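Notes follow the structure.
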Number of protein chains: 2
Amino acid sequence: MSKQMLTVDGLQYSNWSREIFQQMREGGLDAVHATLVYHENIRETLSRLGEWNRRFEQHHDLIMPVREPGDIERARAAGKVGVFLGAQNCSPIEDDIDMVAVMRRLGLLIMQLTYNNQSLLACGCYESEDSGITRFGRQVIREMNRVGMVIDMSHSAERSTLEAIELSERPVIISHANPEFFHPAKRNKSNRVLAAIAECDGLLGFSAYPFHLKDGPDCTLEAYCEMIARTVDLMGIDHVGLGTDLCQAQPVSVLEWMRNGRWSKEMDYGEGSAGNAGWPRPLPWLRDSRDFPNLVDGLRQRGFDEAEVERIMGRNWVALLERAAVPRSP
Amino acid sequence: MSKQMLTVDGLQYSNWSREIFQQMREGGLDAVHATLVYHENIRETLSRLGEWNRRFEQHHDLIMPVREPGDIERARAAGKVGVFLGAQNCSPIEDDIDMVAVMRRLGLLIMQLTYNNQSLLACGCYESEDSGITRFGRQVIREMNRVGMVIDMSHSAERSTLEAIELSERPVIISHANPEFFHPAKRNKSNRVLAAIAECDGLLGFSAYPFHLKDGPDCTLEAYCEMIARTVDLMGIDHVGLGTDLCQAQPVSVLEWMRNGRWSKEMDYGEGSAGNAGWPRPLPWLRDSRDFPNLVDGLRQRGFDEAEVERIMGRNWVALLERAAVPRSP
């Protein structure tokens, strides 16, 4: 089999199984950013890591851990899917600055400073007031820069996002969201934020989660690729990638954990509503990881050349990790 | 400065400071096995790791972490003291088999299965009955073998020790104790245990903790080296090293934590007594790490040749870690 185009998905949170790993390989994925935790505390995060260690052991013929950016090339060479782990909230460090280095050592390459709500570090995109990066947040940004843990502002509010970019000495990313100009949603990002991400040499991963798309689950591949083209006009070809937010085979209880964690007694519906409380319908052109070649075709159709398609499909993610996820020597 | 003899101390638990690290370097230490925890649970162990990360950062000119056996040679080449971490009890994994791999990844190279008392894994040397390795203990031994975490039976009881050696597919060690024939103490080991350690290609680290010595703090260097010579006759030159148990500048509260953890409401005096409750007087020939050259001299005086002295002083520890602390590939 000839090598397919280097492909990296910048966010998935599926109900991991051998079948899903096989689909990834069939779809040509070389690496995927897998969400490790949403609201899990330190102890719970270690158990999630334990589960991944078991997966790496049981499915070592299909997947391997990515703990340094160079591991993606090693995975590719071995014909395996590299998995790099990220947290969607800062719960894995609780209130302890020392846990940044501990979690990085354990392979947590990416961490969001907030998940929709105010955190100890920054403000989420669902709060009514955003007072920016906290005192603890400033310390954590500096420590994340030092150890090579990528700052992800996907679920953060605008002011916090801009301040994080200003404070960080290394690139900041939005692993999974779309431009607000394509579809207005609390989770999608303003042109100002997108420009700041590009300016700090960061990356936007395009979401394929229907709540982030124009026409939701009826969004066409053509409209999606047009969004990408317009974003490239704004951010440049080096600063975009994929972050599909594929959540395969997950029960509604997981969606409720994402949305409610332990913080709410009432049901919070997040991007949904009481009348639309469940998982959205999947996109017909991205049902699972086997459909990644559809994106390659769509980008070619839209007029991107081969080098540009490969950047969007994966090269930019690898380069971003090399800029932002390599630890500084002491 | 010409290179001194390769020197590895197989156990210390000091009140770590820049001064102590400087003493280590002055004494020619290339690496030291530092106790990370006694009874600390998972969360507390991570905080102890966090403290070590700060030390590695602050004193990077003097010390560096040893996470793989080859790091000792790297430390030596860099003129630094390599620090490898171990736990004196199995508290860092609590009741969770997955924590073995997590802790190994964080640099825990050595773990005792018990500390004086019965644990979830095995029996300690202060219990009246030793029922051997538990069901969980068998699983943990297999997992420690897999990930390359060295099994240390220093504080374990005899039957548990012999069973661990039998069950383990990799060498088992006693990082810090002495032969019972030299000084009868609950913590010292029978000829049967010493022979089994040698047979499994393991290692005994000679303790210099006065409670483990004939004549206590008045034990002479000559008597200590004579003990080493007699033990080499029994175990062979490849299976012995140092494990001084140096505990510098520690308050009595730390001694009480070692002895009582959280398990006793009454004061347990361990190897001491109500009338002798504190730290023992230090040996005049091993006051701190600057005195390691005294041991080199003592071994030469006893008639060991240079190659033998270097094995005892450090080479055997490096070889043991290469046999027992390298992870198996999945």
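Only this structure's heavy atoms are used, side chains among them; waters, hydrogens and symmetry mates stay out. Note that this is a predicted model, so its numbers are computed, not measured. First the proteins, then the strands, lettered A, B, ... as listed; each starts at 1.
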Exercise. Chain B heavy atoms under 4.5 Å from E51(A): which part of the residue, side chain, backbone, both or neither?
Worked result: backbone

Exercise. Applying the side chain to side chain contact (heavy atoms under 4.5 Å, CB included) test to S47(A), which of D96(B), V102(B), I42(B) qualifies?
Worked result: D96(B)

For this session: Decide yes or no for D98(B) and R48(A): does some side-chain heavy atom of the first lie under 4.5 Å from some side-chain heavy atom of the second?
Result: no

Exercise. Should we say atom CD of E19(B) is surrounded by more than 12 heavy atoms from elsewhere, each under 6.0 Å from it?
Worked result: no

For this session: Pick one of side chain, backbone, both or neither for M99(A), based on which atoms fall under 4.5 Å of a heavy atom in chain B.
Result: side chain

Exercise. Between E57(A) and R328(B), is the closest basic N to carboxylate O distance under 4.0 Å?
Worked result: no

Problem set entry | Inter-residue atom distance N53(B).CG - I97(A).CD1, 0.5 Å rounding | 12.0 Å

Exercise. Heavy-atom count around R262(A) CZ within 6.0 Å, excluding the residue itself: above 12?
Worked result: yes

Problem set entry | Engaged part of L46(A) at the chain B interface, taking heavy atoms whose separation is under 4.5 Å | both

Exercise. CD of E166(B): more than 12 outside heavy atoms within 6.0 angstrom?
Worked result: no

Exercise. With a 4.5 angstrom heavy-atom cut-off, which part of R105(A) approaches chain B: side chain, backbone, both or neither?
Worked result: both

